[in-house]
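Encoded as structure tokens, the structure appears first; notes follow it.
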Amino acid sequence: ADAAAAQAPAKAARKAPAKKPSGGTLPFGITGTFDFQTIYDDNIFRYSPENLLEFRQGLNPEKFNLDTYDDMILSPRVELSLDRRLFGPMATNFRVRYTRWQYLSNPDKNNEAWMLRLRQPVSSRTFFEAGYTYAPRAYIRELSDRAPFDPRTTTPLRWMGFNALRHAFMMAAQSRVSDRLTTRIEGGRVIRYYNRPFLENDNWEWNGALSGQFTLTKIWRLSGRYAYSNTKARALDTVGETPKTSDDGDPSYERDLYELGLRFRPAKAIRLFRESSIMGQYQEYYYTSDLPYYLDATHTGRKDEVWAGEATATSAPVWREVTLEIGYRHTERSSSSTASSVGTESIEEDKNYKDNRVWLGMSYPF
């Protein structure tokens with residue numbers, strides 16, 4: 001608003017003398033965005049085909065705490081962005097975002113997250129940023145457990161709700177190397193606290209990523225990303241436990257992520273269509289537990305492979321600045337372990353899954 005006023009024609013300024021404003025102006029610029037998505041997900045608990053069959057047949061009801069394995073999800077998101085010159089001529093940007101996922105048939109799955117981000121440009125092409133995300137404790141699914149150190153041969157399993165709380169910290173640098181190429185490097189720390197006592201221990205993750213965007217033509221843009229994570233478990237459900245002595249196993253792992261995307265954005269909107277994109281992603285999880293498989297059948301020698309593909313299309317403004325988005329995402333996970341190869345416990349029968357998600361969203365900048 002201040003910039004627009006400064007650019008008013010001189011002729012208008014000569015018509016009336018300037019008046020002293022009755023109140024001061026804000027010492028910063030502020031903008032915001034409100035997003036809302038309606039999502040259908042056909043496997044919200046990421047159950048394997050074998051688990052889904054058990055649920056449909058009414059077998060082992062204590063294993064399932066759900067009304068349906070698919071659901072409609074309402075997801076509002078509000079983001080505010082503040083700009084102010086704090087360090088030199090380039091304005092510092094502070095952004096806060098709140099996101100909520102509301103499940104209509106399975107309210108136990110409701111979750112939310114807060115994101116804070118600080119970005120400082122150092123030139124017209126380069127900036128640094130730091131971010132923090134907090135996700136309060138949220139329900140994931142039912143998992144089985146025994147009291148710590150009780151013998152597995154005589155102690156029956158108990159099924160309890162598995163939930164987690166998450167803190168994520170991030171630092172990054174991004175630079176527009178040329179008119180066609182933009183690169184970004186980032187690193188971070190993710191801390192997850194699980195409810196105890198339980199099969200899974202808390203885990204602490206270090207991660208790093210390198211990504212880039214390359215403009216092929218005026219309407220086509222290619223993007224790629226590689227990320228690496230190293231996650232160590234810590235056993236805290238009983239005083240004095242360590243990952244080596246815990247009866248919960250050791251879910252420490254390393255992960256490689258590869259992602260490739262392609263965006264199409266014509267110079268002028270085609271009717272209501274403004275842009276579309278496709279994305280493919282592949283992840284490998286290598287679990288690093290060195291316990292014997294009969295003590296840690298869930299993790300020893302385990303490898304997970306996750307494939308995901310996504311397609312989205314965004315409209316031109318349909319009313320004022322409001323745009324619409326439609327999207328589809330398909331995800332599959334394939335797990336294998338030493339235990340499976342010797343026929344002890346087939347990890348595939350619990351961890352493998354397929355998931356489809358479709359959404360329609362709107363975005364309103366203000």
Side-chain angles (χ1 to χ4, degrees), residues 46 97 113 115-119 126-135 140 164-177 181-194 200-214 221-235 242-244 249-263 277-291 296 298-310 329-338 347-348 351-353 355:
R46 306 298 186 260
R97 177 192 299 164
M115 185 276 291
L116 305 176
R117 193 202 68 188
L118 187 68
R119 174 180 291 181
T126 303
F127 64 80
F128 295 94
E129 68 179 16
Y132 167 68
T133 300
Y134 170 67
I140 300 175
L165 177 151
R166 177 169 55 92
H167 300 278
F169 304 87
M170 176 274 294
M171 297 189 69
Q174 183 167 312
S175 180
R176 188 177 179 187
V177 179
L181 177 63
T182 298
T183 60
R184 178 183 176 90
I185 185 170
E186 59 187 81
R189 181 77 154 151
V190 181
I191 303 172
R192 301 176 182 90
Y193 293 102
Y194 298 107
E200 306 288 345
N201 301 337
D202 297 339
N203 63 54
W204 296 60
E205 172 188 326
W206 288 106
N207 58 63
L210 179 65
S211 58
Q213 296 180 355
F214 185 77
R221 187 177 71 186
L222 183 68
S223 61
R225 184 170 186 262
Y226 168 74
Y228 170 77
S229 300
N230 191 321
T231 303
K232 298 297 184 182
R234 56 174 205 162
T242 69
K244 297 295 185 183
D250 180 8
S252 302
Y253 64 85
E254 297 180 37
R255 181 190 67 157
D256 293 301
L257 179 150
Y258 307 87
E259 184 175 291
L260 193 64
L262 184 65
R263 191 199 73 173
S277 63
I278 56 174
M279 181 275 293
Q281 186 185 93
Y282 173 69
Q283 300 180 64
E284 290 181 323
Y285 291 77
Y286 298 94
Y287 286 80
T288 55
S289 173
D290 56 7
L291 296 171
D296 193 5
T298 304
H299 305 111
T300 300
R302 175 177 162 187
K303 176 184 177 181
D304 285 6
E305 297 179 277
V306 182
W307 298 267
E310 181 177 293
R329 183 183 181 97
H330 175 78
T331 307
E332 293 188 22
R333 180 172 70 188
S334 174
S335 298
S336 61
S337 74
T338 303
I347 194 72
E348 297 90 340
K351 300 301 182 181
N352 288 5
Y353 73 83
D355 175 68

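- Side-chain atoms of Ser289 do not come within 3.5 Å of backbone N or O of His299 as any donor-acceptor pair.
- Residues satisfying the ring pair (Phe, Tyr, Trp, His ring centres under 6.0 Å) test with Tyr253, not counting sequence neighbours, are Tyr285, Tyr287.
- Between Glu254 and Thr288, some side-chain heavy-atom pair lies under the 4.5 Å cut-off.
- With respect to Glu305 and Arg333, no salt bridge is recorded, no charged nitrogen being found less than 4.0 Å from a carboxylate O.
- Contacts of Arg189 classified as salt bridge (charged side-chain N to carboxylate O under 4.0 Å, His left out), with partners at least two apart in sequence or in another chain: none.
- Between Arg302 and Ser335, the closest side-chain pair of non-hydrogen atoms falls below 4.5 Å.
- Scanning all heavy atoms of the two residues, the minimum distance from Ala233 to Asp250 falls at CB-OD1, 3.6 Å.
- For the atom pair CZ (Phe128) and CD1 (Ile185), the distance works out to 10.5 Å, reported to the nearest 0.5 Å.
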> Step by step, would you call Glu205 with Ser229 a side chain to side chain donor-acceptor pair (under 3.5 Å)?
Replying inline: CA-CA 7 Å; Glu205 172 188 326; Ser229 300; 3.1 Å; yes

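- Side-chain contact between Met170 and Glu129 is present, with heavy atoms from C-beta onward closer than 4.5 Å.
- Side-chain contact between Val177 and Thr182 is absent, with no heavy atoms from C-beta onward closer than 4.5 Å.
- Within the 4.5 Å cutoff, no side-chain heavy atoms of Arg184 are placed close to those of Leu210.
- The line from OG of Ser336 to CG of Asp304 is 7.5 Å long, rounded to the nearest 0.5 Å.
- Scored by the side chain to side chain contact (heavy atoms under 4.5 Å, CB included) test, Ala130 finds Met171 as partners (sequence neighbours excluded).
- For Arg46 and Asp355, the salt-bridge test passes: some basic side-chain N is under 4.0 Å from an acidic carboxylate O.
- Contact check on Arg329 versus Glu310 returns a salt bridge, with a Lys/Arg side-chain nitrogen under 4.0 Å from an Asp/Glu carboxylate oxygen.
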>> The test is side-chain contact (heavy atoms from CB on, under 4.5 Å); show your working for Arg255 and Glu284 and say whether it passes.
In response: CA-CA 5 Å; Arg255 181 190 67 157; Glu284 290 181 323; over 6 Å; no

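- Taken from CZ in Arg176 to OG1 in Thr183, the straight-line distance is 12.0 Å, to the nearest 0.5 Å.
- In terms of the side chain to side chain contact (heavy atoms under 4.5 Å, CB included) criterion, residue partners of Leu165 (sequence neighbours excluded) are, by chain and number, Tyr134, Arg137, His167, Tyr193.
- For Arg221, the side chain to side chain contact (heavy atoms under 4.5 Å, CB included) partners at least two apart in sequence or on another chain are Gln213, Thr215, Arg263.
- Only one option out of Tyr226, Tyr282, Tyr228 pairs with Asp256 in a side-chain hydrogen bond (donor to acceptor under 3.5 Å, both in side chains); it is Tyr226.
- Note: Ile347 CD1 to Lys303 NZ = 15.0 Å, rounded to the nearest 0.5 Å.
- Interatomic distance, Thr300 OG1 to Asp290 CG, rounded to the nearest 0.5 Å: 7.5 Å.
- For Phe214, there are no ring pair (Phe, Tyr, Trp, His ring centres under 6.0 Å) partners two or more places apart in sequence or in a different chain.
- For the side-chain hydrogen bond (donor to acceptor under 3.5 Å, both in side chains) criterion with Arg192, the lone passing option out of Thr231, Asn203, Asp202 is Asn203.
- Side-chain contact between Trp206 and Val190: absent, with no pair of heavy atoms (C-beta onward) separated by less than 4.5 Å.
- With rounding to the nearest 0.5 Å, the separation of CD1 in Ile278 from CG in Leu260 is 8.5 Å.
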